[in-house]
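Worth knowing before you read on, the calculation uses all heavy atoms, side chains too, and leaves out hydrogens, waters and symmetry mates.
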Amino acid sequence: MTPRVILLTIYFILFSTLGLAETKASKKHITVELVTEKASVKPGQDQDIGIKFNLDPDWHVYWQNPGDSGEAPRIAWSLPLDIKSGPINWPVPEKIIVGPLADFGYANQVLLISSLKIPEFVSEKPFEIKAKVKWLVCREVCIPGSADLDLFLPITNSEPLLTASHDLFETTRKSLPTPLPSEIKINTLSLQKTFKIKISGIENLKDVYFFPLHPLQIDNFSKEDFSGNELTIKKNEQLTDEPKFLEGVLKVESKSYNIKSPVVVSVESAPLYLMILFAFLGGLILNLMPCVFPVLSMKVFGFLKNSGEEKEKIRAHARAYMLGILVSFWILVAALLALKAGGQHLGWGFQLQSPPFVASLAAILFLFGLNLVGVFEVGGSVMGVGQSLTRKDGFAGDFFTGVLATIVSTPCTAPFMGSAVGFALTQNVLITFIIFTALALGLGTPYVLLAYNPTLGRILPKPGPWMETLKQITAFLIFATVVWLISVVALQAPTAYLVILMGSLFLMGLAAWVLHRWPQKTFFALALVLISLALIIIKRDDPRSALVWEDFSPAKIETYKGHGRTVFVDFTAAWCISCKVNELVVFSSTEVKEKLKSHNVALLKADWTSEDSVITQALADLGRSGVPTYAIFQPEKDPILLPEVITPGIVINALDNLK
């Protein structure tokens, strides 16, 4: 241990002793203390800190859901710059009976732990942690309290020493609930007055208890009955709407687990015929949902276009459309049940949780929109792959439109539909298929009624030139859906993938233009479409999963250089196309990632998307005035500038030549 570390440790101990009043507050029936597990902090190493409550006998503080009364403790951290605190880790509470009420909380002693994220560039000097703590301590009466606590921690590069609170941190961590193991399955049924939580994957259970995360769901005072691997919990009398999930902590013997179990309506509380009716009504209402309406507009347009045909042909179109919906629903349900049987926790719309699927759907709809707006026609074109069959009375096109209606309807949940779908996913295979078939029939019924009822058909306007305007309006509804799907991808995937999606849409537009100018170039246009879809679907590594970039500041460069580390700075901007291309080509390269790691290079990203005077000055200091700019900084050496357009080889060679 270096003399510097010894001095800092002595400083910490002396300060903690002299400043005890600042780290601990004694109030009525409770003592509150700010404690840390380690006597100092190592840069880049997380540090657990906590608020310790010591209570008088028979007094208690509360869990995050206090139960029938009370209020959970609140902690507001005040931390030095660049240091972040994680959420409170709540130990498993106990049920505390106070008269006719039941609370969830802690007696005697409890430690609420939070974790500090310490970056690698923190300077070596003690810094102050402050905590504003508020609580409610109760027995028959309740007393609110608050305290301002603070603590100084030195930062050193040596391994930190443990404090006297280390054992309490270890004990508390063992009492924290853990994620539910994959071999344990939880199913929650909602009956008229109770919830039933069925546990599978563990045998011979005796002691099971559920602590709800959200208030007013269960009757906290009532006893929870456990029998035959099934926990029966009485509902709260104030509960009016069925919760979508029962979320909280499930204590099983000596272990406890965080659970978030979908709540489904049991047959005991709702008859099968009612769930079938709900599913059918939900399917009907789906036609009015924003995600389905553009496709329905396409179908109505097609009905008007074919209104001059024979009645039987019109009805055949409707049957093909309905068949497309039914087959698509059956395939989705089969896939959903297969994945759930394999241990996946999935629900309605599960396929839209996949960015490649959502991106592919956006690309296909974009191509449809271009067709409807008149950029290209579908005769012998790329759409002929799907549309050539439609020349045979257009039945393949009707079938595919039904498929599309099913796919785009899955993000939506209409009134009546939620209970029916939740119910279906807990039943046997036959009932599940019956419920989803009713949902599919509801989705397709309006168009079928239109085709089979001449009276309804007569209220529609006659075909005419106005239909071209309607077709183009429908195209813009499709484009609006594409914008929405792109926003979904933006929430699911990194920016690099969003750039790939936009590039794919560009290729789709190029394919449509080629068909418009040279209709005979069908196969070339089809190749562009397939390439665009391949770019979306091909599996690739997420660049952010391997390279972690910190926000740029000149102080961080100096700090890292002071520790003898090399720093790579990427001056970039969201509007810089070259920057994005370099990110895709270079920083996603496995060789570049490994080289940066092997050289222990610190990575800083200077984002110039918005005006930033610090970044502007840093560029000027390097003799540059724009992005992309790539600079390598070494201790006691001049910066090395790389070309604006880089390759993996350029970066690797630059790193290998460092001295």
Geometric cation-pi criterion K251 and Y209, 6.0 Å radius, 45° cone: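 No.
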Can you name the closest pair of heavy atoms from [X] and [Y] and give their distance?
X: Q634; Y: K561; value: O-CE, 3.4 Å
X: A25; Y: A147; value: CB-CB, 3.6 Å
X: S175; Y: P91; value: OG-CB, 3.5 Å
X: P212; Y: N65; value: O-ND2, 2.7 Å
X: E94; Y: F211; value: C-CE2, 4.1 Å
X: S40; Y: P160; value: O-CB, 3.2 Å

For the atom pair CD1 (I199) and CD1 (I259), what is the distance rounded to the nearest 0.5 Å?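 Spacing of CD1 (I199) from CD1 (I259) equals 8.0 Å.
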Check: [Y] and [X] side chains under 4.5 Å, non-hydrogen atoms:
X: V601; Y: L603; answer: yes
X: I557; Y: V569; answer: yes
X: W608; Y: L619; answer: yes
X: K234; Y: K193; answer: no
X: F195; Y: L189; answer: no
X: I218; Y: K235; answer: no
X: C142; Y: W59; answer: no
X: S200; Y: I184; answer: no

Is it the case that the side chain of [X] and the backbone of [Y] share a donor-acceptor pair, with hydrogens and angles ignored and the cut-off at 3.5 Å?
X: H60; Y: C138; result: yes
X: D68; Y: A102; result: yes
X: K95; Y: N220; result: yes
X: N54; Y: T31; result: no

Short N-O contact, [X] and [Y], less than 4.0 angstrom:
X: R173; Y: E37; result: yes
X: D148; Y: K132; result: yes
X: E230; Y: K198; result: no

Just do the side chain to side chain contact (heavy atoms under 4.5 Å, CB included) check on N258 and L180 with the steps written out, would you? CA-CA 6 Å; N258 289 312; L180 193 69; over 6 Å; no
Going through the distances and angles, do I197 and N187 end up as a side chain to side chain contact (heavy atoms under 4.5 Å, CB included)? CA-CA 6 Å; I197 300 177; N187 292 312; over 6 Å; no
Taking V32 as the fixed residue, which of L55, I51, V61 is the one that meets the side chain to side chain contact (heavy atoms under 4.5 Å, CB included) rule?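 Per the side chain to side chain contact (heavy atoms under 4.5 Å, CB included) rule, the option paired with V32 is I51, out of L55, I51, V61.
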Side chains of [X] and [Y] only: does a donor on one sit below 3.5 Å from an acceptor on the other?
X: T36; Y: Q47; answer: yes
X: T232; Y: K196; answer: yes
X: S69; Y: D103; answer: yes

Measuring centre to centre across the rings, with the benzene-like ring taken for any Trp, is W135 within less than 6.0 Å of Y62?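 No, the ring centres sit 6.0 Å or more apart.
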Report the C-alpha separation of T590 and V592 in whole Å, then their side-chain angles, then the decisive distance to 0.1 Å, and conclude whether the side chain to side chain contact (heavy atoms under 4.5 Å, CB included) test is met. CA-CA 6 Å; T590 302; V592 172; over 6 Å; no
Does N236 form a side-chain hydrogen bond (donor to acceptor under 3.5 Å, both in side chains) with Q217? I'd like the steps, not just the answer. CA-CA 5 Å; N236 191 299; Q217 289 186 341; over 6 Å; no
